[in-house]
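Chain identifiers are assigned alphabetically (A, B, ...) following the order of the sequence lines, protein sequences preceding nucleic acid strands; residue numbering begins at 1 within each chain.
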Amino acid sequence: MKMIVCLLFLLLCACVSKSLPQEPPESPYKKKALVLTLSGQQAMQQQHWMQAKSLFYRSKSAAELADDRYLISSSWYNIAMAHVGAGHQEHALYAFEKAKNHASEVDLMRICLARLLLTKSQDSRWLNDFDSMHKRWRLDIVLSAARLAQQQHLPIAESFYLRVLKEAKADQQGLLYQAQAALGLALIHRKTQTLKARDYAHKSLNLLHQLAQPALNAHVLWLLSRLEENDLRQRDFAQRACLIYLHLKDQQGISTCQKEGVRP
Amino acid sequence: MLNEHDFQKVQRRVGWFVILGITLVIGFLVMMSFRTDVFAKKFSLYVSPVSAASFHIGQAVRLHGFRVGAVHDIMLQADGTVNVQLLLLEKYRLMLHANVKARSIKEGFIGELSLELVPGLVSAGEISPDSYIGYESEVTIEKLLQDIKPTVDHAGTLLKEVATFSTWLNDPYGDLRVGVAHMRVFSGQLQDSQVTKLGHDMRLLAQELKQLTQAAVDQKTVENTNRVLLQTESMLLKLDPFIQILKDDGTQTVQKSVVVLDELDMLIQTLNRIGVDVEAATPQLPGLVDNTNKTVEDMRDMAKRLRASWLFSDHKEDANPSVHTEPVLDFRP
C-alpha cells in the first residue's frame, strides 16, 4: 500500500512539474518558415500548385535565414511536390536533388520514391532497401512505395496498400491515405476481380466524400463507370466524373470524356 | 490729275509698302519656324507596339513633360506587326540613351494620350537614329483590376472564413460557447475550493519532503517517512472531487477548445495565402504584406502558447505537424 502511495505521490509531483512548460525561444525566421510551410500544405490540398510553390519558396528563404538545414531540405522537397502537382517534371527533379542535401534517411527514401514515381521508373532495385513493415516508414512513404510497386506491376503493392488501410488513422490525413489505398487496390483488381475492385472503389468514394479531393473523386467515379455493369449507373458515374474534370479544367480527363462520348 | 512725278512718288510708296509687308510676313514666318522647330534638325526612332490603337499621327512625344517630337507615321507591316515612327528634335538626342523606353501616359484622368520617353541609363551610351526602342503600354484601371482579381477572390475567401468563424463564435449552442461555459464552471469550481487546498497541501508536502531529506541525513528516516506517507494519503483523498471534475468537464472542455485552435489555424493559413497573392499582385505595397506576415506570426504564436498551456499539452501532434507535404500521387485510371 505504502509503495503504491509513494508511486502516486511521485506521479503527482511529475504532473505538477509539467504544469508550467518553459519553451526555449525560437528563431523568428524558423517560425516564419513553419507558418509558410503550413500554408503551402493547405494550398497543396486544394491543388493550388503555383500558390503552394510560391509559399514553399518563401519558406525556404526563411529557413535559409534561420540556417535550419532540415527545414531547407524539407522546403525543397515541398517545392518539388508542388512542381509534380503542376506537371513541371524538370523543375521537380531539380528540387528533389536540392532536397537530398541534409535529408535524413527517412527523407531520402521519401525523395527516392517520389523521383522514381515521377520518372515512371521500372527499376525495382529500390525494393531491396524497402521493408514495408518497418516502423520507421511513415504511411505516406508506404503509400508511395505501393503506388510505385503498382506502376511496376509488382504483386507486393497489394500488401503495402493493405497496411496503409489498416494503420491509417481516422483524421483528415488518415482518411486521405485510406481513400488512396482503396483506390490503388481497386485499380489492382479491376481486370481480374471486378466485384472486389468495385467494393474498394466504393469504399474510396465514401471516404473521399469527407475530404476536399475533387481530382481523386473524379478518378474514382471514372473507374466506377468502367466497373459498373448497369448502363444507367455507368453513365451516371461517367457524367459525374466528367463534370468534375470540366470544373478542374483537367485536359487529360476532358479528352478521355470526349473520346468516350460522355457529355456531362 | 496726277502728273508723272506724282505718279512715280505713289509707285515708290506702294513698292516700299509691299516690300515692308512681304518682309514682315517673311520675318513672322521665320520667327514662327524658330518657335515651332519646323526647320529644326530631327531624327527618327521606332516603336513596335502590339496595337496602334493608342497612337495617332501628330501625337505629342514628351521628355520630362517637354514636347520633344511627335508621332510621324504609323505603319502596319506585312508580317502583321505595327511600326510607329517618332520624329524627334536632334537637340534632345544627347539626353536619350540606348535603353530609352516609350510609354503611353494620360494627361489627367480623361486627358489625351501622349507618349513619354524614359531616357534610360547613361551607361548604356548614346542612342543612334532610326533605332527601335521598347514600349510600355499604359497601366489602365482595367489592367490593374485584372491583376488584382485573384487577390480579390482570395480576399473574398478570407471574408467568408471570417464570417463563418464569427457565426460559429456567436452561436449560443456552438462549440465555443459551450466550451467556454464548461471552462467557466470548471475553473470556478477549482478556484472555490480544490485548487487552494491542493496548493496548501502541496506546500506542506514540500516542507515534509525537505524535512525528510534532512532527517535521512540525521538517521531518523523511518519515523518521518511514515508521517509523509500519511499526509500524502490524506491529500490524495482530498483530491478525489478534483479528479471527478476533471473527468466530467475537463475532457469535454479540452476537446471543444481544440476546435477553436483548429479554426484559428485555418484563419492563419488563409491570411498567409492572401499575403502571397497581395505580394504578387501589388509588389509596390510591401508594407501591407509585412503587416499580414506579422499578423500571421502573432496569431501562430498565440495558438502555440495556447497549445503549450497545461490544458492542451496532450495534443502534441497538432503542435508539431509534419513539415513534409503529402506525396502527389497520380491515380488516374
Engineer: What residue, out of A/Asp107, A/Leu176, A/Leu143, has the most heavy-atom pairs lying under 4.5 Å from chain B?
Structural biologist: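 Highest number of pairs under 4.5 Å: A/Asp107.
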Engineer: Non-hydrogen atoms of chain B under 4.5 Å away: do they reach the side chain of A/Tyr57, the backbone, both or neither?
Structural biologist: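 For A/Tyr57, there is no contact with chain B at all, as no heavy atom is under 4.5 Å.
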Engineer: So, for A/Gly85 and B/Val328, which heavy atoms are closest and what is the spacing to 0.1 Å?
Structural biologist: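 Shortest heavy-atom separation between A/Gly85 and B/Val328 comes out as CA-CG1, 3.9 Å.
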Engineer: Taking the side chain as C-beta and beyond, is there a heavy-atom pair between A/Leu223 and B/Phe331 under 4.5 Å?
Structural biologist: no
Engineer: Quick one: closest heavy-atom pair of A/Gln41 and B/Thr325, and the distance?
Structural biologist: NE2-N, 3.7 Å
Engineer: Please test A/Tyr77 against B/Val323 for side chain to side chain contact (heavy atoms under 4.5 Å, CB included), starting from the C-alpha separation and ending with a verdict.
Structural biologist: CA-CA 10 Å; A/Tyr77 174 82; B/Val323 287; over 6 Å; no
Engineer: Among A/Gln150, A/Met44, A/Gln180, which has the most heavy-atom pairs under 4.5 Å with chain B?
Structural biologist: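 Top option by heavy-atom pairs under 4.5 Å: A/Gln180.
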Engineer: If only atom types and distance count, is the side chain of A/Asp140 paired as donor or acceptor with the main-chain N or O of B/Pro327 below 3.5 Å?
Structural biologist: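 Between the backbone of B/Pro327 and the side chain of A/Asp140 there is no qualifying donor-acceptor contact (under 3.5 Å).
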Engineer: Please report the interatomic distance CZ(B/Arg332) to CH2(A/Trp222), rounded to the nearest 0.5 Å.
Structural biologist: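 Reported value, rounded in 0.5 Å steps: 11.0 Å.
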Engineer: Any donor and acceptor pair, going by atom type alone, linking the side chain of A/Arg147 with main-chain N or O of B/Asp330 inside 3.5 Å?
Structural biologist: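 Confirmed, A/Arg147 side chain pairs with B/Asp330 backbone.
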Engineer: Calculate, to the nearest 0.5 Å, the distance between atoms CD and CD belonging to B/Glu326 and A/Gln172 respectively.
Structural biologist: 9.5 Å
Engineer: Nearest 0.5 Å, what's the OG1-NE2 distance between A/Thr37 and B/His324?
Structural biologist: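 Between atom OG1 of A/Thr37 and atom NE2 of B/His324 there are 10.0 Å.
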Engineer: With respect to chain B, which residue among A/Ala218, A/Ser74, A/Ser75 yields the maximal number of heavy-atom pairs within a distance under 4.5 Å?
Structural biologist: A/Ser74
Engineer: Please classify the contact between A/Gln252 and chain B as side chain, backbone, both or neither, with a heavy-atom cut-off of under 4.5 Å.
Structural biologist: both
Engineer: Can you say whether A/Leu71 sits under 4.5 Å from chain B via the side chain, the backbone, both, or neither, judging by heavy atoms?
Structural biologist: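 For A/Leu71, the contact with chain B is made by the side chain alone.
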Engineer: Non-hydrogen atoms of chain B under 4.5 Å away: do they reach the side chain of A/Arg226, the backbone, both or neither?
Structural biologist: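 Contact with chain B: none, neither part.
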Engineer: Would you mind checking which part of A/Trp49 comes under 4.5 Å of any heavy atom in chain B, side chain (CB onward), backbone (N, CA, C, O), both or neither?
Structural biologist: side chain
